[in-house]
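Labels below follow one simple rule: chain letters A, B, ... track the order of the sequence lines, proteins then strands, and each chain is numbered from 1. Note: hydrogens, waters and symmetry copies are ignored here, and every other heavy atom, side chains too, is used.
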Amino acid sequence: MIEQNYRTDKMLNEEDLKQIHESSMDILENTGVEVPNEKIRDLFKENGAEVDGDRVCIPETLVEESIEKAPSEFTIYARNSDKNVDVGKDHAVLAPGYGPPYATDIDEGRREGTFEDYKNFAKLASWSDHIDVVGGIMVEPKDIPEKIRPQKMVLGAAEHSDQPVFGTPLNKEKAFDCIKLASMLHGKDLIDDKSVLITLVNTTSPLGWDKNALDALMEHAKYNQAVVIASLIMSGLTGPMTIAGTLTLQNVEVLSGIVLTQLINPGTPAVYGSASTIADMKKGNLTVGAPEYAKFIGATAQIADYYDLPSRAGGTITDSLLGDAQAGYESMMSSISSVYSGIDFVLHSIGLLENYMAMSYEKFMIDNEILGFIKNYQEGIEVNEDTIAKEVISDIGPGDNYMRHSHTMEHMQDFRKPELSIRESYEPDKEVPSTVERANEKWKKVLSEYDSPKLEEGIKEKMEDYINDI
Amino acid sequence: MSYLDDIKDAISDFDEDRGRELAEEAVDEGVDPLDILDVVSEELGKLGEKFDAGEIFLPTVMSAADVVKAVMDVVNPVIEESGGERDSEGSVMIATVEGDIHDIGKSMVASMLLSNGYDVIDLGRDVPNEDFLKQIEEKMPDAVGMSSMLTTTMGRQEEIVEALREKGLKDKIKVIVGGAPITQSYADEIGADGYAKDAIEATKTLNKILNN
């Protein structure tokens, strides 16, 4: 978690926001979105939406009433209550990378993810001082059968972390199983009065919904479990070739999902999410390391604020295929933008390479350092009589130095110590390992020393039994 | 200016209507339809090279391909009617597999194949294995193309290949696969004949595996 004490300048002004809002309302009401689920279409209809075939047109009044019901902040409960997380306050809640099919490290190279990799990343995420929520598809464990993969991921995360769980709601049944398993972590059969997990449901751009995504969303709302509703629009491919147009399309899609959560169960925690960005129009590739993506992040924070909803966007992400300088500068830019613009929930905060395709052990350690830098910056400057040190300055006077002063001794541990970066000076005969090599050494050390927080007696067995019965 | 030059211009102006009109006029005026086909495929080839070199943007290629397709729709029936050997590269049945609704990549591939002279049967997205196989058996295309965007739907590609093997069709029909999580090694592993990372490469790969 990183406190957000210093926010960057606004990417959009009041007039910009108003234009995006008004255009979105117009599109929601007159063009509508495609909803491939009859039950949901009926629900929309009962509440005043126009339904024609699969198309649902939502009037502005219904949008406004629904947004009113959605909480502007909420808590996700952890099995260790010290680790409960508030979303929507003045801090960025951080979750690891989500979705990569591949794991990679510089010893073994890129390969399909396994459950072993998954558990390793659960340990590393739990070890990190910055990551607040553990789970989701940190890497796809391809050695686990699809039928029980999301369920095993909840167990794999919960065994090695006592933080709130991120679910993987691929359809109705899997969403329910994840909620059920997260409830077991709290010693309960099925929790529906508070969020014990958070999960991600995406729209299908442009202006559509996938039936499995809708089922999963309904399941989460039904049990009052937090859900991030997000669009991943690629400007020029699945959205207009402009940032403003893509933000508008995204607004329409995400608001349609937020309205739906509130129609199913008013008060369901719903996060206004975005992963929209530009595509590289030369080849049509998704692009997350571009400066334009940082603009999407800032604008999304503002648009979510406009509706008084918690926001999700950004991450510590890059288009780079390896842990090189590009990976570093792009990740720092997206990470800074996410925290400084006031995004409440930052998925993909650690570990990813090649947009969302690979989870890298070394990049994980590099991102942890990036997050440490940003956290330190956000802590700001302490200004008081002691830190201004007027008397110390007078004591030392001109010409001398401050090294031996008691004030120096008192404060010399105040500054952040780098965990990965080096600050040594050049020595001709000494070989300097690269950042990636140092990161490689570091993750191995962390994993070898990591102690998983014990699960209460019997809980693991109960979860395993449940999964075995699926 | 000849009709052939004008058709080239219509391609570079992305003017689908003009391309169609010019092709109709050219055919009426007795221009050899095969010459028209040569011109459009040459133009498309040039654009493909520029795309590979990163000199032009994807929408340029896609828009040009639409004009080429419009011209071919006029010219091909004329060649067939006159009993001539239409220059089809082969037939391809293409789909985004069951459970997957991501079809932008698949549609790009379909469009590029069409404009490169393939007969394309596009089954759309989220196509159940059963329907897919039924269509394959009915139409017996030269090749089948499958796309998956999700790791959870990749398995459908393997299932289709396996079903083709069981039905004894695997040697008769070539299989080409693609999609974000798909790699050459996955294609090899499931026994697909080819893999392509994008629409331009899909055409090249298919040309290769069908010996065109």
Task: Intermediate values then yes/no, side-chain contact (heavy atoms from CB on, under 4.5 Å), A:K283 and B:F51 - done: CA-CA 8 Å; A:K283 302 283 174 184; B:F51 174 80; 3.6 Å; yes
Open item on the list: Less than 4.5 Å apart, side chain to side chain, heavy atoms only: is that true for B:L58 and A:D280?
Closed with: no
Task: Neighbours of chain A found in residues 191-204 of chain B - heavy atoms under 4.5 Å - done: none
Open item on the list: How long is the straight-line distance from CE of A:M241 back to CZ of B:F57, given to the nearest 0.5 Å?
Closed with: 8.5 Å
Task: chain B contact via A:M357 - side chain, backbone, both or neither, heavy atoms under 4.5 Å - done: side chain
- [ ] Identify the residues of residues 129-138 of chain B whose heavy atoms come closer than 4.5 Å to a heavy atom of chain A, ordered by number, or report 'none'.
- [x] none
Task: Residues in residues 95-111 of chain B near chain A [non-hydrogen atoms, under 4.5 Å] - done: B:I101, B:I104, B:M108
Task: Donor-acceptor side-chain pairing of B:T152 and A:E146 below 3.5 angstrom - done: no
Task: Within 6.0 Å of NZ in B:K139, more than 12 heavy atoms from elsewhere - done: yes
- [ ] Nearest 0.5 Å please: distance from the CZ atom of A:R111 over to the OG atom of B:S185.
- [x] 13.5 Å
Task: Side chain, backbone, both or neither of B:M154 within contact of chain A (heavy atoms, under 4.5 Å) - done: side chain
TODO: Go through B:T60, B:D52, B:L150, B:V61 and name the one with the most non-hydrogen pairs under 4.5 angstrom from chain A.
DONE: B:D52
Task: Contact residues of residues 165-182 of chain A (partner chain B; heavy-atom separation under 4.5 angstrom) - done: A:L170
- [ ] Mark yes or no for whether A:K282, through its side chain, and B:G54, through its backbone, hold a donor-acceptor pair below 3.5 Å.
- [x] yes
Open item on the list: Within the 4.5 Å heavy-atom criterion, are B:T183 and A:R110 side-chain neighbours or not?
Closed with: yes
